[in-house]
Amino acid sequence: MSKILKNQESKTTFIDDEVSVEVQLISYPDPKMTERMFVNMCYGHRDPNIYYKLSKNERKEAIKTLIKGGSLPKGLEACGKFVFLVKNISLTITHAFCRHRFVTILQSSTAISDLRNENFLMPRAFARNKKFYEKVKKWHLQGKELFCEAVDSHNISVQSARYLIPKNNCNWMFMGFDLKS
């Protein structure tokens with residue numbers, strides 16, 4: 001849960017959106033557990049926990065069958081997840097991932113976060129013209145000042161005040177991929 005930092009000056013760094021993304025592997029499937037699950041899924045119609053009753057060669061054949069798609073549907077989708085933490089992506093990008101749902105996601109929420117110290121992702125194209133870039137930065141900072149004033153002086157919730165800030169603040173999300181995706 002985010003803490004509201006009332007009456008604190010905001011801090012902002014403008015970050016080049018083309019080099020800002022950070023990805024970290026958080027967890028991955030255990031190979032032995034995945035092997036057991038593959039084999040059990042392949043023969044699940046007969047015995048849902050058959051792994052320990054089969055020989056090593058029978059297990060290998062079951063895995064090959066599952067990977068070729070010759071057994072229960074969507075077997076690979078039930079495998080353990082690879083979970084990544086992806087940081088410094090815009091709200092536009094996180095929403096695109098959420099809408100396509102090819103992964104399991106949990107993303108940061110601007111509805112409950114004090115955004116006064118959020119950094120902004122700036123499209124590199126804005127920097128082609130220094131005067132324009134400075135104008136855009138000023139616009140972003142004015143939105144942050146309005147956010148702080150709304151929360152600090154007008155008893156406006158961060159959920160409502162967030163609409164005063166452009167949507168290119170730095171976000172993060174956990175992304176879980178099963179083996180098939």
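Side chains are part of it too, since the values below use all heavy atoms of this structure and drop only hydrogens, waters and symmetry mates.
- The backbone N or O of Ile15 sits nowhere less than 3.5 Å from a side-chain atom of Ser20 that would complete a donor-acceptor pair.
- Taking the charged nitrogens against the carboxylate oxygens, Glu61 and Lys64 do have a contact shorter than 4.0 Å, which makes a salt bridge.
- Between Arg162 and Leu164, the closest side-chain pair of non-hydrogen atoms is not below 4.5 Å.
- Within the 4.5 Å cutoff, side-chain heavy atoms of Thr110 are placed close to those of Asn169.
- No chain of hydrophobic side-chain contacts below 4.5 Å, direct or via other Ile, Leu, Val, Met, Phe, Trp or Tyr residues, connects Met37 to Met33.
- Judged purely by distance below 3.5 Å, without hydrogens or angles, the side chains of Ser90 and Lys167 never pair a donor atom with an acceptor atom.
- Across Tyr51 and Val39, no two heavy atoms sit closer than the pair CD1-CB, 3.6 Å.
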Q) Would Met122 and Val136 satisfy side chain to side chain contact (heavy atoms under 4.5 Å, CB included), going step by step from the backbone distance to the final call? A) CA-CA 9 Å; Met122 293 292 277; Val136 172; 3.4 Å; yes
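- In the hydrophobic clustering of ILVMFWY residues, with side-chain heavy atoms under 4.5 Å counting as a link, Trp172 and Leu121 come out apart.
- The nearest pair of heavy atoms linking Ala161 to Ile156 is N-CG2, 3.9 Å.
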Q.
Checking His140 against Asn168 for the side chain to side chain contact (heavy atoms under 4.5 Å, CB included) test, could you report, in this order, the C-alpha distance in whole Å, the side-chain angles of both residues, the deciding distance, and whether it holds?
A. CA-CA 9 Å; His140 286 295; Asn168 63 329; 3.0 Å; yes
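- Side-chain atoms of Ile165 and Leu115, non-hydrogen and from C-beta on, do get closer than 4.5 Å to each other.
- In this structure the side chain of Ser27 never reaches within 4.5 angstrom of the side chain of Phe82, judged on heavy atoms.
- Remark: Arg116 is not positioned above the aromatic ring of Phe147, lacking an NZ or CZ atom under 6.0 angstrom from the ring centre and at most 45 degrees off the axis.
- Atom CG of Asn171 and atom NZ of Lys87 lie 12.5 Å apart (nearest 0.5 Å).
- Between Asn117 and Lys144, the closest heavy-atom pair is C-NZ, 3.6 Å.
- Contact annotation: the side chain of Lys60 never approaches that of Ile63 to less than 4.5 Å [non-hydrogen atoms, C-beta and beyond].
- The aromatic rings of Phe120 and Phe14 sit parallel to each other, their planes meeting at less than 30°, with 60° as the upper class boundary.
- With a 4.5 Å cut-off on side-chain heavy atoms, Val151 and Ile4 count as touching.
- Between the side chain of Asn119 and the backbone N or O of Cys170 there is no donor-acceptor pair closer than 3.5 Å.
- The minimum heavy-atom distance between Asp17 and Arg124, with the atom names listed, is OD1-N, 3.4 Å.
- Side-chain contact check for Ser113 versus Val158: every heavy-atom pair is 4.5 Å or farther apart.
- Comment: Asp152 does not engage Lys6 in a salt bridge, judged by the lack of any side-chain N to carboxylate O separation of less than 4.0 angstrom.
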